[in-house]
Amino acid sequence: MRFEILGPLRAVDGEQEFQLSASKEELLLATLLIRANHVVTADQLQTELWNEAPPQRAAAGVYVYIYQLRKFLKKPGNSTSRIVTRTPGYLLQLRSDELDSVLFQDAVRRGRQHLRSYRPREAVEEFESALAHLRGAALGGLCGGPIVGGFAAWVEESRLECLEMLFEAY
């Protein structure tokens with residue numbers, strides 16, 4: 001399964017595209033994808049979902065949303081979950097080729113290396129490849145807390161930096 005967060009949030013498996021219908025689940029998945037392969041604390045998840053005003057049963061709510069995400073991400077015949085409980089929170093396990101933001105970063109890094117090595121044609125190819133991953137506003141403009149907001153700001157800054165380097169390579 002491949003995940004796209006450099007535009008509206010999508011999960012793609014082969015030719016099939018999957019989207020979550022519940023906004024809290026979508027926000028939770030977005031947060032875990034942004035921090036893929038790193039533990040996100042339960043407190044951080046609560047802040048992303050409810051900002052500074054979590055309900056009394058916020059911890060239970062996070063648990064329920066995690067359960068629903070595990071079902072959403074489960075592949076038939078696979079008993080292991082991509083979402084792992086790790087004290088003090090949860091971790092989403094992904095390979096680097098499964099997340100568009102990682103592919104974007106890798107292409108920008110390669111483009112930057114080509115630019116520094118005076119290989120403008122290769123740099124242009126990499127920067128154009130990076131920009132092709134962008135499909136609109138990060139996460140489709142999904143509003144969350146500091147993790148999601150920080151990611152959206154990072155994407156916009158990285159997009160502008162990539163464009164500047166692309167123009168420099170021309």
Side-chain angles (χ1 to χ4, degrees), residues 1-51 54-55 57-109 126 128-159 162:
M1 188 173 282
R2 192 176 78 247
F3 298 93
E4 299 176 349
I5 58 178
L6 298 177
L9 177 61
R10 296 192 304 196
V12 180
D13 193 6
E15 295 296 315
Q16 289 187 302
E17 181 181 314
F18 303 94
Q19 293 180 325
L20 292 163
S21 56
S23 62
K24 294 287 189 207
E25 289 174 30
E26 187 177 38
L27 190 52
L28 184 63
L29 178 57
T31 303
L32 292 171
L33 286 167
I34 291 166
R35 295 280 174 90
N37 299 316
H38 294 89
V39 174
V40 182
T41 69
D43 288 343
Q44 288 173 315
L45 293 173
Q46 288 178 30
T47 300
E48 290 299 315
L49 295 174
W50 294 287
N51 291 309
R57 307 226 350 113
V62 168
Y63 181 80
V64 169
Y65 292 135
I66 290 288
Y67 172 77
Q68 291 169 336
L69 277 181
R70 282 181 170 143
K71 284 188 350 185
F72 174 77
L73 296 173
K74 187 173 176 153
K75 286 191 150 221
N78 190 356
S79 63
T80 60
S81 174
R82 287 177 171 269
I83 300 175
V84 179
T85 303
R86 291 262 170 86
T87 303
Y90 301 92
L91 175 142
L92 176 63
Q93 298 175 326
L94 285 185
R95 293 187 326 260
S96 61
D97 65 342
E98 292 181 303
L99 187 59
D100 63 350
S101 63
V102 173
L103 299 173
F104 170 81
Q105 285 179 294
D106 289 347
V108 169
R109 181 185 44 74
E126 292 295 346
E128 288 177 344
S129 171
L131 292 169
H133 289 288
L134 302 172
R135 301 173 295 105
L139 299 164
L142 191 64
C143 293
I147 294 173
V148 169
F151 176 76
W154 171 82
V155 169
E156 183 57 20
E157 289 171 14
S158 296
R159 181 187 72 81
C162 185

Handout entry: CA sep, side-chain torsions, deciding dist, call: L9, E4, side chain to side chain contact (heavy atoms under 4.5 Å, CB included)
Key = CA-CA 6 Å; L9 177 61; E4 299 176 349; over 6 Å; no

Handout entry: V148 vs E48 side-chain heavy atoms within contact, under 4.5 Å
Key = yes

Problem - Side chains of R135 and P8 in contact at under 4.5 Å (non-hydrogen atoms) - result: yes

Problem - Whether R86 side chain and V39 backbone form a donor-acceptor pair below 3.5 Å - result: no

Completion exercise
Shortest non-hydrogen pair, L103 vs S96, comes out as CD2-O, 4.1 Å

Return a table of donor-acceptor pairs under 3.5 angstrom between the side chains of residues 57-70 and protein atoms on other chains or two or more places apart.
unit_1 : atom_1 : unit_2 : atom_2 : d
R70    : NE     : I83    : O      : 3.1
R70    : NH2    : I83    : O      : 3.1
R70    : NH2    : T85    : OG1    : 2.9

Completion exercise
So CZ of R10 and CZ of F18: to nearest 0.5 Å the spacing works out to 12.5 Å

Fill in the blank from the handout: Partner of I147 under side chain to side chain contact (heavy atoms under 4.5 Å, CB included), picked from L27, I34, L32, L45, is I34

Handout entry: Side-chain ion pair, E98 and R2, N-O less than 4.0 Å
Key = no

Exercise for the section: Would you mind reporting whether L94 and V102 have side-chain heavy atoms less than 4.5 Å apart? Expected result: no

Exercise for the section: Evaluate the side chain to side chain contact (heavy atoms under 4.5 Å, CB included) criterion for residues R159 and L131: first the C-alpha distance (whole Å), next the side-chain angles of each, then the deciding distance (0.1 Å), finally the verdict. Expected result: CA-CA 7 Å; R159 181 187 72 81; L131 292 169; 4.2 Å; yes

Handout entry: Contact check, side chains of Y90 and T31, non-hydrogen atoms, under 4.5 Å
Key = no

Exercise for the section: Working to the nearest 0.5 Å, report the span between CG of L73 and CD of Q93. Expected result: 11.5 Å

Practice task
Answer yes or no: is there a side-chain heavy-atom contact under 4.5 Å between L92 and L29?
Solution key: yes

Practice task
Might you work through the side chain to side chain contact (heavy atoms under 4.5 Å, CB included) test for M1 and R82, ending with a clear yes or no?
Solution key: CA-CA 11 Å; M1 188 173 282; R82 287 177 171 269; 4.0 Å; yes

Problem - Over all atoms of both residues, closest heavy-atom pair of G145 and N51 - result: CA-OD1, 3.7 Å

Handout entry: Ion pair E26/K24, N-O distance below 4.0 Å
Key = no

Exercise for the section: Quick one: closest heavy-atom pair of A152 and A138, and the distance? Expected result: CA-CB, 4.0 Å

Completion exercise
Here the gap from L28 atom CG to L49 atom CG, rounded to the nearest 0.5 Å, amounts to 5.5 Å

Exercise for the section: Compare all side-chain heavy atoms of S101 with those of F3 and state whether any distance is below 4.5 angstrom. Expected result: no

Exercise for the section: For the pair Q44 (side chain) and T41 (backbone), establish whether a donor and an acceptor sit closer than 3.5 Å, ignoring hydrogens and angles. Expected result: yes

Exercise for the section: Taking the side chain as every heavy atom from C-beta outward, state whether T47 and P146 have any pair of such atoms under 4.5 Å apart. Expected result: yes

Fill in the blank from the handout: On a heavy-atom basis, the closest approach of E126 and A107 is CB-O, 3.4 Å

Completion exercise
In this structure, OG of S81 is separated from NZ of K71 (nearest 0.5 Å) by 12.5 Å

Practice task
Answer whether the closest heavy-atom distance between the side chains of L134 and F104 falls below 4.5 Å.
Solution key: yes

Practice task
Would you check, one step at a time, whether the test side chain to side chain contact (heavy atoms under 4.5 Å, CB included) holds for W154 with Q105?
Solution key: CA-CA 11 Å; W154 171 82; Q105 285 179 294; 3.5 Å; yes

